Structure formats: structure tokens, C-alpha cells
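These values consider heavy atoms only, across backbone and side chains, with no hydrogens, waters or symmetry-generated copies. Fair warning: this is a prediction, and the values are worked out from it, not measured in the lab.
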Amino acid sequence: MTNERTVPLLPCASIDDIETFYGVLGFHTTYKQRKPNPCVGVQREDIDLQFFEIPGFDPEQSYGSCLVITPDIEGLHRAFAAGMRATYGKVLVSGTPRMTRPRARKNADGLGGFSVIDPGGNWIRVFRDPTATTTAPMPDATPAGRLAKALANAVVQADSRGSVSQAVRILDSALARPQADDDPVEQVEVLVYRAELAMVLHDPNTAAELLARARSVTLTDDESERAAPAFDTASELATALR
């Protein structure tokens, strides 16, 4: 048979908070009820999600998760980010809810992905469809540089597994042992990601210090061009710190 559809059913503490948050991301409500059991459905194009409310539910203890496979992770991320900026004045990068940024995932054959952590603590994991035709460059699944390898390992820990403290240990260890042949662009990328993790850990002073270190790295014109995406992220993080 064909044309079957699967809709994830995820837990939350408040269907009202869920409805509001997903409205910010451009979803519309497809169904909502209070009795006999509180639940709400939201949809954005082909992304269809439903949630059920549990009294006293702790989002920090949630194991709720689902995958969203799309040919255009960058476009979806831009749309979600625009909704956040319009409502909150910034992209949410810390606390619950929040959103990570599109990055290559070493544990997904280098495919790009990002995650939305919603008010219920559910991880909506967005991955690029490997079968789709795309003009976006495919990242290297096995980065060669020392810092790039550390960054790839940290992304697996923080963005995929939610183990921010382990990711911090990986990056701090790499940054504490600078080597003469380190790629300056990779240094910038590591510093900016470490700053983002500091914000997730509610440590704005460390985040600001790391962003300043990233801006102070000496780069050639070619290196500056390669580092431009990382500096765009740094600017976004600086805005969120205000």
C-alpha cells in the first residue's frame, strides 16, 4: 500500500505553550482539545506533529524526539529563525525552547542537520535528505584538521546527544593545546561554537570572551572569506547576548 502517513505524538507540560511556540515557527493548529485528554496538533507544510499534555511533566527529562527529512535544511532553518527574531527579537540558542544551527553531523555521514528543542523538551531533529538533488555543498564527513576533528566530535555530543558538558570538554582540551599548524579558520569555528555552548550553559561572560577571541584571530583575505559563516553566527550570538 502507499500514501500512508506517520504523525509523531510527543509529550509536553502545556499544550498552550506548544501551540504558541510552533506558531512562531510558522505552524498552524490542526486540532486542539482539553477533554478528556489535553492534546494539540500543529502542521507546517508536510511537517505534522501532535502533542499530549502531562500534568507536572519536566521538559528537561523528556526523551521525546522525531526526525524531519528535508532537501533544504538551510531554508527551513532560515524560516524558523525569522519567526524567532520577529517574536523574541533573537534566535533562541539557550534554555528551553531553543534551536541549534545547521552543521555537518559526523554521526550522519556528514549530512547537515539542526535541532529544535521545543517547550516540551522534545528534540525535532532536521536532517538533509541524502536522495534529494541540492546545490548545497556536501560537507566532509571526516575532517582532516585537528581542530576540525574536535569540532566534529563536539557537535555529535552537543547537537545530537544533548551532552553539552562533554562537548565543552572536547573543545576546551583542543583550545588548550594550540599547535603551529592549526588552521586559523578552524580556530574561529571552534571558538564560535564554544561560545554558543557557553550560552546554552547560561554563561554569557564566557560566551562574550570567546567571541572576542574569535574576532582577534589573524586571517588572510582568503581565510576571512572561509570564516564568513562562522562570523555570521558570531554576530547572531552577540545579538542574543544583549
Under 3.5 Å donor-acceptor, Arg98 side chain and Gly95 backbone = yes

Hydrophobic cluster identity match, Val164 and Val116, side-chain contacts under 4.5 Å = yes

Hey, mind stepping through Arg128 and Thr70 against side-chain hydrogen bond (donor to acceptor under 3.5 Å, both in side chains) and telling me if it holds?
-> CA-CA 5 Å; Arg128 190 186 310 282; Thr70 175; over 6 Å; no

Neighbour count above 12 (heavy atom, 6.0 Å) for Asp181 CG | yes

ring-ring contact (aromatic ring centres under 6.0 Å, His included) with Phe27: which residues, sequence neighbours excluded?
-> Tyr22

Hey, what else clusters with Trp123 if you join Ile, Leu, Val, Met, Phe, Trp, Tyr whenever side-chain heavy atoms sit under 4.5 Å?
-> Ile117

Could you check if a side-chain atom of Leu25 sits within less than 4.5 angstrom of a side-chain atom of Met84, using non-hydrogen atoms only?
-> yes

Expected list for residues 212-221: side-chain donor-acceptor pairs under 3.5 angstrom, two or more places apart:
residue: Ser216; atom: OG; partner: Arg213; partner atom: O; Å: 2.8
residue: Thr220; atom: OG1; partner: Glu223; partner atom: N; Å: 3.1
residue: Thr220; atom: OG1; partner: Glu223; partner atom: OE1; Å: 3.4

Quick one: list whatever passes salt bridge (charged side-chain N to carboxylate O under 4.0 Å, His left out) with Glu186, sequence neighbours left out.
-> none

Side-chain (Asp172) to main-chain (Arg169) donor-acceptor, under 3.5 angstrom | no

Quick one: salt bridge (charged side-chain N to carboxylate O under 4.0 Å, His left out) partners of Asp17, sequence neighbours excluded?
-> none

Same cluster (ILVMFWY, side-chain, under 4.5 Å), Val192 and Phe231 | yes

Sub-4.5 Å side-chain heavy-atom contact between Leu92 and Met99 = no

Of all pairs that satisfy side-chain hydrogen bond (donor to acceptor under 3.5 Å, both in side chains), the ones with a partner from residues 46-60, not counting sequence neighbours | Arg5-Asp48, Glu60-Thr96

Salt bridge (Lys or Arg N to Asp or Glu O under 4.0 Å) pairs touching residues 20-32, sequence neighbours excluded, are Asp16-Lys32, Glu19-Lys32

Selection residues 226-240 - residue pairs positive for salt bridge (Lys or Arg N to Asp or Glu O under 4.0 Å), sequence neighbours left out = Arg85-Glu236, Asp183-Arg226

Do the non-hydrogen side-chain atoms of Ser62 and Pro11 ever get within less than 4.5 Å of each other?
-> yes

With sequence neighbours left out, write down each residue that passes ring-ring contact (aromatic ring centres under 6.0 Å, His included) with Phe114, or none if nothing qualifies.
-> His77

Partners passing side chain to side chain contact (heavy atoms under 4.5 Å, CB included) against Ser163 (at least two apart in sequence or in another chain) | Gln157, Ser165, Gln166

Do the side chains of Val155 and Tyr193 get nearer than 4.5 Å, heavy atoms only?
-> yes

By salt bridge (charged side-chain N to carboxylate O under 4.0 Å, His left out) - contacts of Arg101 (at least two apart) = Glu196

How close do Pro178 and Arg146 get, heavy atom to heavy atom, and via which atoms?
-> CA-NH2, 3.9 Å

Mind checking what makes salt bridge (charged side-chain N to carboxylate O under 4.0 Å, His left out) contact with Lys90, not counting sequence neighbours?
-> none

Main-chain N/O of Gly23 paired to His28 side chain as donor or acceptor, under 3.5 Å = no

